[in-house]
Participant: 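First, the structure itself, so that you have it in front of you.
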There are 2 protein chains.
Amino acid sequence: MPDKNIARYFQLFNEIGIIDQLARALFEARLPDGILVSHFAILNHLVRVRDGQTPLALARAFQTPKTTVTHTISVLVRYGFVDLRPNPKDGRSKCVFITDAGRSFRDEAIAALAPDLAEIAAVFPPGTVEPLIDGLEALRVWMDARRDRE
Amino acid sequence: MPDKNIARYFQLFNEIGIIDQLARALFEARLPDGILVSHFAILNHLVRVRDGQTPLALARAFQTPKTTVTHTISVLVRYGFVDLRPNPKDGRSKCVFITDAGRSFRDEAIAALAPDLAEIAAVFPPGTVEPLIDGLEALRVWMDARRDRE
DNA sequence: TGATATTGATACGATATCGTACTATATAGT
DNA sequence: ACTATATAGTACGATATCGTATCAATATCA
């Protein structure tokens with residue numbers, strides 16, 4: 001059983017990688033020049049999950065080195081999309097807050113992408129993608145937990 | 001119907017992005033220092049699809065700018081994993097050939113990842129991932145074709 | 001055939017991502 | 001309290017990725 005199946009799992013991640021690349025390119029084409037998915041992702045996370053998180057918490061959430069988050073946040077500060085304030089509970093730490101400008105930008109970005117998503121929805125109706133999302137979510141949750149064990 | 005469903009499709013790509021990030025990190029931890037997934041991906045493609053492709057063909061296959069491919073290939077040449085030869089059919093063009101060293105490296109990389117994939121296979125048996133792969137493949141094929149229409 | 005447009009690759013510069021090292025603060029152990 | 005260790009963030013340097021401009025070769029077409 002091994003080799004052939006292993007190849008299948010290999011393909012699974014291959015497909016995921018290609019789709020991610022295609023989706024990124026598509027999304028970035030809808031974002032203003034110079035704004036990348038990585039910038040949007042932070043804003044989106046701050047809205048969806050919660051405000052005032054530390055850079056380190058964001059780094060963990062995105063599976064990315066903390067230095068990368070430092071850089072991305074500095075860009076967002078420059079755009080005026082987030083505020084970086086000292087953490088009252090810990091002198092070493094900071095808290096990231098989204099600004100009104102950041103919030104509107106995030107909303108506009110989502111609106112700009114909506115037509116594309118609607119087009120996809122027309123071809124792959126909810127009934128076909130729901131199981132996909134569920135399966136991917138299960139895989140993501142497991143991989144995320146596994147990572148912490150390492 | 002729109003908004004709630006749109007959010008679901010948004011989540012689909014979100015899950016895909018996170019898994020890609022996790023898978024990349026996992027794979028790169030198994031690769032020798034300094035070798036990235038992007039390097040491996042080229043070698044793997046040359047073996048799986050075929051040898052002697054042009055840089056531009058690779059750029060298209062990976063949905064990446066051709067300048068990125070130029071750079072990645074130069075790295076692989078430096079490692080001695082590929083040869084870059086002139087294209088006899090077109091004076092502007094080159095052909096990328098994998099070397100024996102590149103081939104063995106690719107095989108070793110896959111072998112190094114096998115235990116992780118086996119671990120995943122133990123938790124998500126083929127019966128559960130096959131529909132996932134099929135669904136993702138369909139999505140990838142459609143998005144790929146759609147991109148060409150733009 | 002000659003002028004024009006297109007194409008494949010690269011040079012170059014800008015930004016993103018990441019690893020290492022460092023500083024300041026907090027925590028643990030004595 | 002004091003020392004040792006751990007942690008949060010950042011500075012810095014290296015490489016990756018990408019956009020624009022450029023050059024050479026090819027294709028188009030009058």
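Letters go in sequence order (proteins before strands), and every chain restarts at 1.
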Participant: B:K94 side chain: which of D:dA24, C:dA9, D:dA8 is closest?
Facilitator: C:dA9

Participant: ring-ring contact (aromatic ring centres under 6.0 Å, His included), that's the test. Do B:H45 and B:F62 meet it? Break it down for me.
Facilitator: CA-CA 9 Å; B:H45 188 83; B:F62 288 103; 5.2 Å; yes

Participant: Output the rounded distance in Å from CG (B:D33) to C1' (D:dA14).
Facilitator: 13 Å

Participant: Rounded to whole Å, how long is the line connecting atom CZ of A:R60 with atom C1' of C:dC18?
Facilitator: 17 Å

Participant: Between atom CG in B:N87 and atom P in C:dA9, what is the gap in whole Å?
Facilitator: 8 Å

Participant: Considering only C:dG8, C:dT10, C:dC18, which nucleotide approaches the side chain of B:L84 most closely?
Facilitator: C:dT10

Participant: At less than 4.0 Å, is any side-chain N or O atom of A:S93 found next to OP1 or OP2 of D:dG9? Yes or no.
Facilitator: yes

Participant: Measure CD/B:Q63 against P/D:dT17 and give the value in whole Å, please.
Facilitator: 15 Å

Participant: Counting only N and O atoms by type, is there a donor-acceptor contact under 3.5 Å from the side chain of B:E137 to the main-chain atoms of A:E15?
Facilitator: no

Participant: When only distance counts, do a donor and an acceptor, one from the side chain of B:K66 and one from the base of C:dA9, lie under 3.5 Å apart?
Facilitator: yes

Participant: Please check: side-chain N/O of B:D51 versus main-chain N/O of B:I98, any donor-acceptor pairing under 3.5 Å?
Facilitator: yes

Participant: Of A:L56 and B:P65, whose closest DNA chain D nucleotide lies nearer the 5' terminus?
Facilitator: A:L56

Participant: Rounding to a whole Å, what distance do you find between A:R24:CZ and D:dC18:P?
Facilitator: 9 Å

Participant: Taking only side-chain nitrogens and oxygens of B:H39, does any of them come within less than 4.0 Å of OP1 or OP2 of D:dT15?
Facilitator: no

Participant: From the options D:dG19, C:dA9, D:dA25, select the nucleotide whose nearest atom is closest to the side chain of B:D90.
Facilitator: D:dA25

Participant: Does A:S38 make a side-chain N or O approach to OP1 or OP2 of C:dT17 shorter than 4.0 Å?
Facilitator: yes

Participant: For the pair made of CG in A:L36 and C1' in D:dT17, what is the distance, rounded to whole Å?
Facilitator: 10 Å

Participant: Let me know the distance between NE2 of A:H71 and C1' of D:dA11, rounded to the nearest Å.
Facilitator: 13 Å

Participant: Can you check the A:I35 CD1 to D:dT17 C1' distance for me, whole Å?
Facilitator: 18 Å

Participant: So, does B:T72 get its side chain near the phosphate of D:dT17, meaning an N or O under 4.0 Å from OP1 or OP2?
Facilitator: yes

Participant: B:R103 and B:D83: salt bridge (Lys or Arg N to Asp or Glu O under 4.0 Å), yes or no, with the steps?
Facilitator: CA-CA 12 Å; B:R103 207 173 290 268; B:D83 273 338; over 6 Å; no

Participant: Give a yes/no on whether any side-chain N or O of A:T70 is located under 4.0 angstrom from OP1 or OP2 of D:dG9.
Facilitator: no

Participant: Taking only the side-chain nitrogens and oxygens of A:T67, find out if one of them lies under 4.0 Å from OP1 or OP2 of C:dT17.
Facilitator: no

Participant: What is the nucleic acid contact for B:V75, judged by heavy atoms within less than 4.0 Å: base, sugar-phosphate only, or nothing?
Facilitator: sugar-phosphate

Participant: How about B:F105 and B:Y79: are their ring centres within less than 6.0 Å of each other?
Facilitator: no

